[in-house]
Amino acid sequence: MKNLINWKLFFILLLASIFTTLMVLPYTIALSPILTKAFSPLLLLGSVIQGTVLFSIFIFLGLLLAKRIGFGLPILEGILKKENQTKNLKSILGISIGMGLIGSFAIILLSFLWPDLSITFLKAEMSVPTWKGFLAAFYGGIGEEIFARLFLMTLFVWIATKIKKLPGGRPIKLAFG
């Protein structure tokens, strides 16, 4: 069980996900006035427990399946090994900025297709103080990435490798698309 996954990486990701679960709460409560009335230390504790359990499962399975299909978290793993990550960070910088811009433009274009919905979301977001939105952004950047990229994407690729894989057990390219 000790070498099943990188436990140090597991606990770092779990701690980050617990913090982001707490950080998104002010934004969530601001969007839902009913939660403001119901908020209590018990609700806070329940949110932390629920986030801890769910993220523990997502992170554990994500790391386990990633190891089995040859995926990894090269930057975080390199940092834990105290390796210089400048080269790895530079290699993803351009694509990260490019995909961020493409995503932003897609959201803007889609808002023209559904203007009423866009205005509703805009009004809701404008009613929330900026600092609460800033804190919530960390949940999107950390919590949702753990769930979607580490857990879901790895799970789908692992399933695809069970259907068809290359010699040596590597996933076929179709599993990534």
Side-chain angles (χ1 to χ4, degrees), residues 1-32 34-36 38-93 95-97 99-100 103 125 128-162 165 169-171 175-177:
M1 179 96 170
K2 182 177 171 101
N3 291 327
L4 200 56
I5 63 168
N6 182 337
W7 289 103
K8 191 172 186 178
L9 184 57
F10 171 86
F11 285 112
I12 288 170
L13 292 173
L14 182 60
L15 189 61
S17 65
I18 292 169
F19 278 127
T20 63
T21 300
L22 291 170
M23 292 169 77
V24 79
L25 283 176
Y27 183 81
T28 306
I29 291 169
L31 285 177
S32 179
I34 294 170
L35 283 178
T36 304
F39 186 76
S40 68
L42 192 57
L43 179 68
L44 179 65
L45 179 63
S47 295
V48 171
I49 291 170
Q50 177 186 15
T52 302
V53 169
L54 289 174
F55 278 111
S56 293
I57 294 167
F58 299 150
I59 295 166
F60 178 80
L61 290 175
L63 292 174
L64 180 68
L65 296 176
K67 188 175 182 180
R68 292 187 177 174
I69 60 174
F71 278 7
L73 290 83
I75 294 173
L76 288 176
E77 291 167 348
I79 290 170
L80 289 176
K81 293 176 186 173
K82 297 182 176 36
E83 299 171 349
N84 186 346
Q85 293 304 303
T86 305
K87 184 178 177 184
N88 282 339
L89 289 169
K90 283 182 180 178
S91 73
I92 64 169
L93 185 62
I95 191 80
S96 298
I97 292 171
M99 294 305 286
E125 289 176 14
V128 178
T130 305
W131 70 269
K132 292 180 181 183
F134 176 76
L135 290 179
F138 286 93
Y139 183 82
I142 297 171
E144 290 176 10
E145 286 297 313
I146 287 171
F147 172 69
R149 192 177 305 263
L150 177 62
F151 173 66
L152 272 185
M153 186 182 87
T154 305
L155 176 65
F156 292 150
V157 172
W158 179 79
I159 290 170
T161 62
K162 292 297 177 191
K165 58 186 163 192
R170 300 287 297 169
F176 299 102

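- In plain terms, the two heavy atoms of F71 and M153 that are nearest each other are CE2-CE, 3.9 Å.
- A heavy-atom distance below 4.5 Å is not found between the side chains of L54 and T21.
- Taking the side chain as every heavy atom from C-beta outward, I18 and F55 never approach each other to under 4.5 Å.
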Q. Taking it one step at a time, do W131 and F134 satisfy ring-ring contact (aromatic ring centres under 6.0 Å, His included)?
A. CA-CA 5 Å; W131 70 269; F134 176 76; 9.9 Å; no

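- We find the OG-CZ distance between S56 and F11 to be 8.0 Å, quoted to the nearest 0.5 Å.
- Residues N88 and Q85 come closest through the heavy atom pair ND2-OE1, 2.7 Å.
- The side-chain heavy atoms of S17 and L13, taken from C-beta on, include no pair separated by under 4.5 Å.
- With F60 as the partner, the side chain to side chain contact (heavy atoms under 4.5 Å, CB included) test is satisfied by one option alone out of L65, I5, L14: I5.
- Pairing each heavy atom of M23 with each of P26, the nearest pair is O-CD, 3.3 Å.
- Within 6.0 Å of the CG atom in L45, the count of heavy atoms belonging to other residues, nucleotides or ligands exceeds 12.
- Residue I29 holds its CD1 atom at 7.5 Å from NZ of K132, rounded to the nearest 0.5 Å.
- The shortest non-hydrogen separation linking I59 to F10 is CG2-CD1, 3.3 Å.
- Between the CD1 atom of I79 and the CG atom of N84 there is a distance of 10.0 Å, given to the nearest 0.5 Å.
- For the residue pair I142 and A16, the shortest heavy atom distance occurs at CG2-CB, 3.9 Å.
- Closest non-hydrogen pair, V128 versus G133, comes out as CG1-N, 4.4 Å.
- Side-chain contact check for L25 versus L44: some heavy-atom pair is nearer than 4.5 Å.
- Counting heavy atoms from C-beta outward, L73 and L63 have side chains that approach closer than 4.5 Å.
- At least one side-chain heavy atom of L61 sits under 4.5 Å from a side-chain heavy atom of F151.
- Note that CG of L64 is 11.0 Å distant from CG of L155, once rounded to the nearest 0.5 Å.
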**Q.** Derivation of the side chain to side chain contact (heavy atoms under 4.5 Å, CB included) call for L89 and L93
**A.** CA-CA 6 Å; L89 289 169; L93 185 62; over 6 Å; no

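- Atom OG1 of T52 sits about 11.0 Å away from atom CD1 of I57, to the nearest 0.5 Å.
- Rounded to the nearest 0.5 Å, atoms CG (N6) and NZ (K81) are 8.5 Å apart.
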